[in-house]
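In what follows, a structure is listed as structure tokens, so that the remarks can point back to it.
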Amino acid sequence: MIKVNFSPKIDDEKTAEILKEIVKDKMGGWLELPRNFDKSELRSIKEAAEKIHNESEYLVCIGIGGSYLGHRAIIEALRPKSGVKIIYAGNSLSRRELKEALEEVGDADFSVNIISKSGTTLEPAIAFSEFKKKLVEKYGEEEAYSRIYATTDAKHGALSDEAKAAGYARFVIPDNIGGRYSVLTAVGLLPLAVAGVDIDKLIEGATEASVSAVETATKYACMRYELGKKGYDTEVFASFEPSTMYFNEWLKQLFGESEGKGRQGIFPASVIYSTDLHSLGQFMQDGRRNLYETIVDFPTDDLNAKVVTAVRIAHTEGGIPVLCLSVPSFDEKGFGELIYFFELACAISAKLFGVNPFDQPGVEKYKQELKKLMEEN
Ligand code: PA5
């Protein structure tokens, strides 16, 4: 169970009302998901993972934002040894990155998992078109298409249409779960299973958290809100495990996209200690006091544990509120718990700030502007 070192003021009536709203929200499907995970869906994910394992050296995971960061966060953190090697593509518009990903696959056997809920996002669409071409050149159309796994909306979007027409294996992103809340759907679970992560344990952790983390997630959300109202407009997520760098990226996306709207929200930033004590440490200790720090404290060795204590003392003395979330284990179960905990805390926190946690009008805006520019040329 995740433990916290703070006790904010909690308006029980208001938080109970918020929890009810989240349960009823049409985008609140992630709340019940781990507990009620569809067994046949889980079986299909494992079968697909097994097939990929048997016929491919690489799985190219194509997606961006919520269709990418969650599974990468867990794979990078746990570094499983037994699985297929994962290559990521379609998470930027860099030609250089795409070329390097294509070169990395080289002549090896590979499969492709294209992940996009809308099925229209430019970054993954470009990467998918290149990797599909490579598949067809190497295997011919029939086998190429049998190596493509499309994770997308059941009915809408170009990708859904293409997948049905071409007969790709399809995994559905439920209507009631949005991008950044979708790690524990096929969006995350297929790449994770292929990479050798124990997805049963991950779901087990999230299921436990769906009961045990409600109180702590509410506390954390209320603490953020309290700090936000006092003018602490930046939250720095601090981890002492370098392999959790992508988990920090997932956190920033989760909170940034869920909360940063209507001129509200707390800007999410991140550090990895002790590395960043030698760069951002000076600012954390003694810079402008508009930030607070949230330590995600994974179980660690004695020396690293001493650094955690030293940082808590030093930064508290430096005038920064330091929140500490103690994670019980650095494994699939621990990450399952953490993901559920943060999703819930984020949704409650956004609601406290009076914004919708589940839309992302700002992201849509950029997509529309880019589309217009491209149509002009
Ligand atoms: O969290 C979100 O909703 C976004 O970050 C999306 O996941 C991201 O924009 C990618 O969208 P899509 O899955 O439709 O390609």
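Note that the structure is predicted; figures quoted are calculated from it, not measured. Ligands are counted one by one from 1 in listed order, and the atoms in each one are counted from 1 as well.
- Using a 4.0 Å heavy-atom criterion, the residues that approach ligand 1 are I64, G65, G66, S67, S116, K117, S118, T121, G179, R180, Q253, E257, Q360, K367.
- For R147 and F110, the positive end is not near the middle of the six-membered ring at less than 6.0 Å and at most 45° from its axis.
- Residues in residues 73-91 take part in these salt bridge (Lys or Arg N to Asp or Glu O under 4.0 Å) pairs, two or more places apart or across chains: R72-E76, K85-E104.
- Aromatic ring centroids of F335 and F247 lie under 6.0 Å apart.
- Here the two rings, on F255 and F237, have centers that are under 6.0 Å apart.
- Taking the six-membered ring for Trp and the full ring otherwise, the centers of F171 and Y149 sit at least 6.0 Å from each other.
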*Report the C-alpha distance between K46 and E50 in whole Å, list the side-chain angles of each, state the deciding distance to 0.1 Å, and finish with yes or no for salt bridge (charged side-chain N to carboxylate O under 4.0 Å, His left out).*
CA-CA 6 Å; K46 287 180 182 169; E50 180 73 19; over 6 Å; no

